[in-house]
Each structure stands twice: as structure tokens, then as C-alpha cells.
Amino acid sequence: MRFSGLPALRSEALTLYQRTISVIISVLLAITAMSLFTAVLLSDGVDPLDIIRIALVAVSTLWLSWGAMLALNGLFFRHGPVARLPEGVALRGTTAILVPIYNEDPLGTYSRVAAMYSGLARIGPSDRFHFFILSDTREEAVARSEEAWFARLLAECGAQGRMFYRRRQVNTGKKAGNIADFVTSSGALYDYMLFLDADSLMEPETIVEMARRIEAAPKLGLLQTLPKIIQARSWFGRAMQFSAAYFSPVFANGVATVQGEEGPFWGHNAICRTRAFAASCGLPVLSGPPPFGGHILSHDFVEAALLARAGWSVRVDTDLEGSFEEAPENVIDYAKRDRRWCQGNLQHSRLVLAPGLRMWNRFTFLQGIMAYAASPIWLLFLVASIVAPVVTAPPDYFPEPHMLFPNFPHSETTKAIVLLAGIFGLLLLPKFLILLRYVFTRTNRQFGGFAPAVFSIVIEILWSSLLAPLMLMYQSRSVAQVLAGTDGGWPAANRDDGTIPLGQAWAASRWIVVTGLIALASAWFFAPEVLVWLLPTSLPMIFAPFLIWMTSTPGSGRLAAILGLFATPSELSPSPVIVERNAILARWRSDANAADLMGASPRDGRLQPLRA
């Protein structure tokens with residue numbers, strides 16, 4: 001890696017430099033915010049509740065500052081060339097492409113596999129890549145459908161001997177156990193493993209390039225790509241898709257910069273050296289019951305740490321395009337998935353002090369924990385701000401006996417304004433800088449042009465501001481549930497159209513509505529001076545059911561498209577593998593519907609496999 005304008009440094013030294021500078025600046029910004037807030041609160045005397053609020057602001061600002069530093073690293077640092085096999089040198093290693101599934105729609109998953117396999121066959125080295133459908137499905141009807149449609153997938157692709165299906169009878173260890181089962185039973189046959197999720201899709205050229213890069217770097221244990229979100233249909237999904245496409249590459253580059261060779265593993269769309277994984281990544285079963293004990297849920301961070309502990313490098317190459325995934329279409333499905341991630345990340349508190357881990361991997365665990373602890377911290381700050389005027393004694397304007405003139409507290413309004421501007425700056429400055437960069441590099445053309453991109457950014461900021469209180473409440477509840485010992489399990493993903501009826505939205509968020517009403521009423525009666533500042537948080541909470549319902553429908557997504565909002569490169573100029581996958585899926589669904597009309601079904605074997 002190199003920094004523009006600086007002499008070339010060794011990669012390890014530069015990574016250490018970037019980490020150190022980023023941490024120091026984040027701490028200094030947090031100290032500055034704490035000092036300003038201290039001056040504002042203590043201008044009329046010291047109160048114990050003020051001390052608590054100062055500490056909460058310090059921790060929250062430190063977290064915001066760290067996020068901003070990741071963006072700045074991503075903007076101003078760039079990666080140098082990476083090792084890869086020279087042109088003309090054939091790929092020697094074989095790769096197992098693993099697709100773990102759990103109660104999934106087989107048509108959706110298999111159509112992605114068919115498109116990737118077809119692409120690999122078209123560009124040449126398909127004999128170097130074998131696909132494995134690793135089923136952990138518990139529902140027998142879904143399992144029968146998986147088997148029947150796999151027969152069609154196999155026949156259409158002509159992939160006998162290169163494509164396999166296996167269903168575990170007992171899904172011990174969930175996804176991590178599914179992968180471990182493959183490693184112990186078949187891993188020795190393959191040099192590399194490419195991890196996919198059921199909704200993952202990759203360009204065949206990207207798959208081959210990943211294999212060529214890991215084969216050219218003997219110490220590279222795992223190579224991660226940055227998956228882009230595609231196929232979003234609702235307002236919620238399209239906003240997330242746009243944000244991921246526009247901002248995430250810069251933030252991911254910042255992550256790659258500060259983590260160096262101890263980089264992230266996000267569990268999918270990544271290739272790993274099988275021997276390194278088998279020797280290093282055996283996961284322990286933690287003592288005690290879930291949520292803190294039992295099998296490790298967020299296994300990917302732990303596997304990355306174990307690879308680094310064994311001396312392997314773990315890297316994310318953000319220049320690799322053609323890596324895709326899908327995402328939830330509504331707030332409820334997103335919150336359900338986030339609940340599992342919350343439990344997995346908090347579970348890492350058991351592993352922070354595990355022997356032999358590198359310091360940066362321990363810090364990564366702490367970052368993951370803080371990603372969820374930040375929400376209850378902000379919530380506690382809001383509660384403390386409402387309670388403070390109630391429990392704080394009124395100011396004493398005559399602290400000394402026989403004073404003729406009152407002693408008014410010194411006004412700290414300027415410092416309060418500076419603090420508020422600084423917090424908004426940490427939130428918005430990275431997005432503004434990314435916009436400026438894309439203006440100069442003309443990247444905005446890929447998002448429909450400058451005006452549509454700016455319009456989308458403004459609306460995305462407003463929408464994320466409305467969404468933030470809801471996610472604060474869902475994440476705070478998740479943290480409370482985990483701390484209370486409630487196991488959230490591993491719910492199956494919902495990959496339907498995502499529409500949430502208003503009644504269901506109300507049932508899932510009425511507690512948020514009640515909380516928002518209580519907060520607003522409490523501020524009205526006990527702390528009217530904070531009422532105006534509480535409105536941006538409480539009003540979205542009160543209207544949560546309507547926000548969830550209105551932004552979950554395909555119609556809301558079509559409205560965004562009509563308005564020219566949230567356009568992305570994958571939508572305006574779809575990758576060939578996306579086009580092919582959609583065509584396969586449409587044809588299969590048409591055949592399935594026709595078979596249902598004739599009384600036949602893939603499950604009973606009367607729908608015969610067809611060749612493409």
C-alpha cells in the first residue's frame with residue numbers, strides 16, 4: 001500500500017502508522033467533544049448525572065470518530081499492485097465453491113449457481129471449480145424440492161461430477177458446522193474453498209481472478225471481496241443498495257487499509273486456502289448455554305483471527321468487482337438478521353482475551369461489540385438528558401450570604417453549538433468527501449449523473465435519519481435480550497418480496513411507538529427545554545409502523561425509481577451474470593407455474609429436467 005505523496009514504506013510499517021494515526025485522531029476528537037460537553041454541563045455546577053452524560057458522549061464520539069477515520073483512510077490511501085499468476089500461466093489448484101443453504105427457495109439459489117457455472121464453462125477453466133450445495137434445511141417439503149430442482153440444475157448445466165448436493169441430518173454448529181463438515185469429509189480434495197451464501201452471486205471472471213491471486217501468494221490464507229447489494233425492490237432495499245454501492249467501497253478500503261494483512265472475513269464471497277482453514281479454524285464450543293455459550297454464531301471474525309494467529313494473511317481486495325449479494329427488503333427482516341449478528345458479536349466478549357490472538361484481531365472483536373453497544377449508549381444518553389432537569393437542583397444565583405447581586409452562570413452556548421456541529425460533521429463529512437471524490441473522478445456517471453447522485457444522497461441522509469431511531473430501539477432491545485440470557489437462534493432468511501402489512505408492522509413496532517410517546521410526554525412535563533431536541537428521535541418512533549409498512553412494498557421501490565432515486569451501476573448497467581441469472585430464474589418459475597397448473601410438481605418427480 002502507498003500513500004499519495006509519501007515515500008514508499010514497508011506494508012507492515014505503513015499499516016502500523018495508519019492504525020496509530022487513526023486511533024490517536026479518534027481519541028483526540030473524543031476528548032475534544034468531552035471537553036466541550038463538560039464545559040456546557042458544568043457551567044451551572046457539578047451533578048452526578050452530568051458526569052454520566054459526559055462519559056456517554058465521550059464513548060459515542062469515539063465510535064463516530066473511528067468511523068470517520070475509516071472513511072478518510074479509504075479516501076486518501078490506495079492499494080498497490082497485488083500478486084497474481086502471470087498471464088498465460090494456467091491455474092493449477094482446484095476450488096470447491098460452497099453454497100450453504102437453510103430452508104431456502106431452491107429456484108432462487110440454484111439459478112445463481114447455474115449462472116455462475118455457465119459463466120465458468122464459457123471462459124474456460126470450469127474443471128478447476130466444483131460446486132457444492134450444502135443443505136441444513138429442516139423442513140422436509142423444502143428438502144424434497146431442493147433435491148428435485150438439483151436434478152434439473154445438474155441436467156441443464158451438464159455438470160455431473162462437478163456439482164454436488166448434500167443434506168445434513170443434524171445441523172450441529174449451524175453454518176460454521178456445515179462448512180466444517182465439508183472440510184472434514186471432502187476438503188482434502190481441494191486446494192481452495194470459495195464461500196458463498198444462498199443469495200451470493202459472482203462474475204466468473206472474479207471467481208477465477210480470486211483463485212489466481214491466492215495461488216500466487218503462498219502466505220495468503222483468505223481473500224475477501226466487497227459484495228455489492230443487488231436486486232432490491234422496495235424503498236428500504238433500494239436505499240440500502242444505493243448506500244452500499246456509493247459509500248461502502250470507500251469505507252471498505254479504509255477497513256482494508258488499517259487492518260492490513262489481518263483483514264476482515266465477512267463469511268461469504270471470499271476464497272480461502274483449504275489447508276490453512278483446516279489446520280487453523282477449528283472453532284471451540286464455548287462453555288455454558290447460549291447466548292454467550294455454545295456454538296460461535298459470528299464465526300467469520302473468529303476464523304479470520306485464527307488464520308492470523310497461525311501466521312496466514314487475511315486480506316480484502318476492494319478492487320475486485322463482480323461480487324454481489326442480496327439484502328432484506330424491510331426493516332423487520334433487517335432487524336431479525338441484525339439480532340443474530342448482535343448475539344454473535346457480543347459473544348466475542350468471551351474471546352477477546354483468548355490466548356495467542358494478535359492485538360488487532362482483539363481490537364476487531366471490540367469494534368464488533370461496540371457496533372451494537374453504541375445504540376444502548378445513545379439511548380441511555382437520551383434518557384439521562386430527560387431525567388437530568390428533574391433530579392438536578394435549580395441553580396443558586398446567591399451562593400454566598402448577603403450578596404447584593406446574583407451570580408449568573410457563564411453562558412456556554414458557543415461551545416454547545418460547536419459540539420453539535422462537530423457531531424453532525426463526523427456523521428456527514430465522510431459522505432460529502434466521497435461525493436466530492438466521485439465528482440472529480442466522474443464516478444457519478446455510473447449512478448445516473450451528478451444531479452441524480454446528489455438528490456439520492458440527500459434523500460438517503462434524510463431517510464437514514466428517520467430510520468436511525470428505529471434501529472436504535474431494535475439494537476438496544478437485542479443487546480438487552482442477549483444480556484438477559486435470551487437466545488435468538490438462527491432464523492431462516494426471508495427472500496420473498498418483503499412486503500410488511502400495516503398490521504404486522506404495528507405488531508412488530510408498537511413497543512417502539514409506546515416508548516416514543518412516553519419519551520415525548522416525559523419531556524413535555526419534566527424537561528420542556530429538551531423537547532425540541534427530542535422530536536427528531538421520538539417522531540419516527542411514533543410513526544414507526546407507517547415507516548416500516550410504506551417502505552417495504554415494491555410500489556415504494558418503483559416510486560423511488562420514477563423519482564430517479566437510488567440508481568446504482570448494477571441496476572443501470574447489469575453485470576452479465578445478473579442478466580443470465582434473472583433469465584434462468586424467470587424460465588424456471590414459468591415452468592414451475594405451468595407444472596402446478598397441470599398438477600405436476602418438482603417434488604413428485606413429474607417435471608422432467610430440461611436442457612438449456
Side-chain angles (χ1 to χ4, degrees), residues 100-105 108-109 136-139 142 171 174-176 197-200 227 229 231-241 243-244 266-268 290-291 294-300 325-347 368 371-376 464 467-513 515 540-541 544-553 556:
I101 57 177
Y102 176 62
N103 293 335
E104 301 282 349
D105 170 24
T109 300
D136 259 354
T137 293
R138 300 297 92 198
E139 297 180 16
V142 177
N171 63 334
K174 309 300 182 185
K175 179 183 173 182
D197 271 352
D199 60 359
S200 294
I229 298 175
Q231 308 283 50
R233 297 176 295 276
S234 67
W235 177 286
F236 176 87
R238 285 177 59 84
M240 183 186 299
Q241 178 175 276
S243 180
W266 297 316
H268 57 94
H295 293 282
I296 295 174
L297 286 184
S298 294
H299 55 91
D300 38 17
E325 65 174 335
E326 296 183 17
E329 293 283 354
N330 59 71
V331 175
I332 303 303
D333 286 336
Y334 184 89
K336 288 179 181 178
R337 185 183 70 172
D338 203 54
R339 169 65 175 83
R340 172 167 55 85
W341 289 352
C342 173
Q343 181 170 327
N345 282 22
L346 295 185
Q347 193 183 42
Y372 290 94
S375 287
S464 60
L467 183 63
L470 276 64
M471 295 314 303
L472 179 145
M473 294 301 295
Y474 279 119
Q475 289 187 344
S476 297
R477 183 179 69 171
S478 295
V479 172
Q481 288 173 339
V482 173
L483 294 179
T486 303
D487 179 19
W490 191 294
N494 176 21
R495 307 194 198 278
D496 295 330
D497 74 354
T499 301
I500 299 291
L502 184 57
Q504 184 180 342
W506 164 254
S509 62
R510 58 192 173 196
W511 64 279
I512 297 178
V513 175
T515 304
M541 292 166 61
F546 297 97
L547 290 174
I548 294 170
W549 162 60
M550 289 188 299
T551 60
S552 70
T553 64
S556 67

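FYI, side chains are in, hydrogens and waters are out, and symmetry mates aren't considered; it's all heavy atoms of this structure.
- Put simply, the side chain of Lys336 reaches to within 4.5 Å of the side chain of Ile332, judged on heavy atoms.
- Using a 4.5 Å heavy-atom cutoff, the side chains of Lys175 and Asp197 are in contact.
- Residues Trp266 and Pro227 approach most closely at CE3-CD, 4.3 Å, considering heavy atoms.
- Using a 4.5 Å heavy-atom cutoff, the side chains of Trp549 and Gln504 are not in contact.
- Closest approach of Ile229 and Ala244 over heavy atoms only: CD1-CB, 3.9 Å.
- Counting all heavy atoms, side chain and backbone alike, Ser478 lies closest to Arg339 at OG-CD, 3.3 Å.
- A donor-acceptor pair is defined here as one N or O able to donate and one able to accept, closer than 3.5 Å; such a pair exists between the side chain of Asn345 and the backbone of Gly368.
- When atom types are taken as modelled, the side chain of Gln343 and the backbone of Val482 share no donor-acceptor pair closer than 3.5 angstrom.
- Residues Ser552 and Ile500 come closest through the heavy atom pair OG-N, 2.9 Å.
- The backbone N or O of Ala239 lies less than 3.5 Å from no partner atom in the side chain of Ser243, so there is not a single donor-acceptor pair.
- Proximity of a side-chain donor or acceptor of Asn330 to a complementary backbone N or O of Phe236 within less than 3.5 Å is not detected.
- No side-chain heavy atom of Lys174 sits less than 4.5 Å from a side-chain heavy atom of Asp136.
- Asp199 and Glu326 get closest at one heavy-atom pair: OD2-O, 2.8 Å.
- For the atom pair Trp506 CH2 and Trp511 CH2, the distance stands at 13.0 Å (nearest 0.5 Å).
- Using a distance-only test at 3.5 Å, with no hydrogens or angles considered, a donor-acceptor pair links the side chain of Gln347 to the main chain of Leu297.
- Shown are Ser509, Cys342, Ser375, Pro469; of these, the side-chain contact (heavy atoms from CB on, under 4.5 Å) with Tyr474 is made only by Ser509.
- In this structure, Ser556 OG and Met550 CE are separated by 9.5 Å, a value rounded to the nearest 0.5 Å.
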- [ ] Tell me, with the steps shown, if Ser234 and Glu329 meet side-chain hydrogen bond (donor to acceptor under 3.5 Å, both in side chains).
- [x] CA-CA 6 Å; Ser234 67; Glu329 293 283 354; 2.9 Å; yes
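- Rounded to the nearest 0.5 Å, atoms OG1 (Thr553) and CZ (Arg233) are 11.5 Å apart.
- Nearest approach of Pro545 to Leu502, heavy atoms of both residues: O-CD1, 3.8 Å.
- Atom CE of residue Met471 and atom OG of residue Ser476 lie 10.0 Å apart, to the nearest 0.5 angstrom.
- Side chain of Glu104 to backbone of Ala198: no donor-acceptor contact under 3.5 angstrom is found.
- Here the NE2-CG distance, from His295 to Asn171, works out to 9.5 Å after rounding to the nearest 0.5 Å.
- Atoms CG and CE, on Leu467 and Met240 in that order, are 8.0 Å from each other to the nearest 0.5 Å.
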